[in-house]
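Here is the structure we will look at.
First listed ligand is number 1; within each ligand, the first listed atom is number 1. As the structure is a computational prediction, the values presented were derived from the model and not from experiment.
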Amino acid sequence: MRVGVFDSGVGGLSVVKSLLEHHLFEEIIYFGDTARVPYGVKDQNTIIRYSLEAIEFFKNFEIDLLITACNTVSAYALDEMRLQSDHDVIGVVDPGVLALKNAIPDPDANILILGTKATVKSGAYTKGLNSLGYHNLSAIATGLLVPIVEEGLYEGEVLQSTLHHYFGNLTKAPDAIILGCTHFPLIANAIESYFEGKSTLIHSGEAIVEYLEAHYDFTKRFEKTELKFFASENPEGLRRTAKEWLQL
Ligand code: DGL
């Protein structure tokens, strides 16, 4: 199976990493809209327009499935993207909700959702979790973490003070934290340590693998996956980041 993976920037590479670890696809074509990242501060119409342009980009390739490895896009544009596509389009929000349910079945669990401003505003995770009976939810828009990850600051003072800025008021560690932005797995260790390892972290990449394995037939696994990386600006930069993150 050939899959397209779309994100606003480099964050979706964290999803590609999980796909590669599970040898699911013969070919992965990645497109990061690096010229226009971040999407998380934009309004719904803009997010939908940009996402439909990504659909046009993927029409240059024969893909069997498109994964929107961006929570912001998944929260706003999936319906419109599906209408413009002749293959399946899956997002990361529903798989994230299901992964949370598999990891922490207790509906009384205290769950913290992290995401961009747009993702938090959409209420997509909250609605999904509420429908499964989870009610002890809070959400924080942690948009500053996006440029921090893009800058490669996976540890150190800037990251620590930003975590403190967002989490300093919390009185106790959540039972689970949804990393509702595909940039955040890159700083998962720092978030985990901040909460002294007391919180279970839900990662879009692992969640989508769980979802794919439950919904598609992957009896055939691929030892080698062909990878193609494209970006709307500075594709060389994106390929460099891919090499580093994916250890290519
Ligand atoms: N990677 C995007 C997401 O998962 C966030 C980055 C952005 O704001 O574009 O929501």
Determine, for E226 against K224, whether the closest basic-nitrogen to carboxylate-oxygen distance falls under 4.0 angstrom. no
Name each N or O atom in ligand 1 that is under 3.5 Å from a protein N or O, and give the partner atom and the distance.
| residue | atom | partner | partner atom | Å |
| --- | --- | --- | --- | --- |
| ligand 1 | 1 (N) | D7 | OD1 | 3.1 |
| ligand 1 | 1 (N) | T182 | OG1 | 2.9 |
| ligand 1 | 1 (N) | H183 | ND1 | 3.0 |
| ligand 1 | 4 (O) | N71 | N | 2.8 |
| ligand 1 | 4 (O) | N71 | ND2 | 3.2 |
| ligand 1 | 4 (O) | T182 | N | 2.8 |
| ligand 1 | 4 (O) | T182 | OG1 | 3.2 |
| ligand 1 | 8 (O) | Y39 | N | 3.3 |
| ligand 1 | 8 (O) | G40 | N | 2.8 |
| ligand 1 | 9 (O) | S8 | OG | 2.6 |
| ligand 1 | 9 (O) | Y39 | N | 2.7 |
| ligand 1 | 10 (O) | N71 | N | 3.4 |
| ligand 1 | 10 (O) | T72 | N | 3.1 |
| ligand 1 | 10 (O) | T72 | OG1 | 2.6 |

Do E21 and K17 sit within salt-bridge range, that is, some charged N less than 4.0 Å from a carboxylate O? yes
Can you list everything that forms a salt bridge (charged side-chain N to carboxylate O under 4.0 Å, His left out) with E213? Sequence neighbours excluded, please. R221
Centroid-to-centroid, F230 to F57, below 6.0 Å? yes
What about the rings of F31 and F229, do their centers lie closer together than 6.0 Å? no
For the pair E26 and R2, find out whether any cationic side-chain nitrogen is under 4.0 Å from an anionic carboxylate oxygen. no
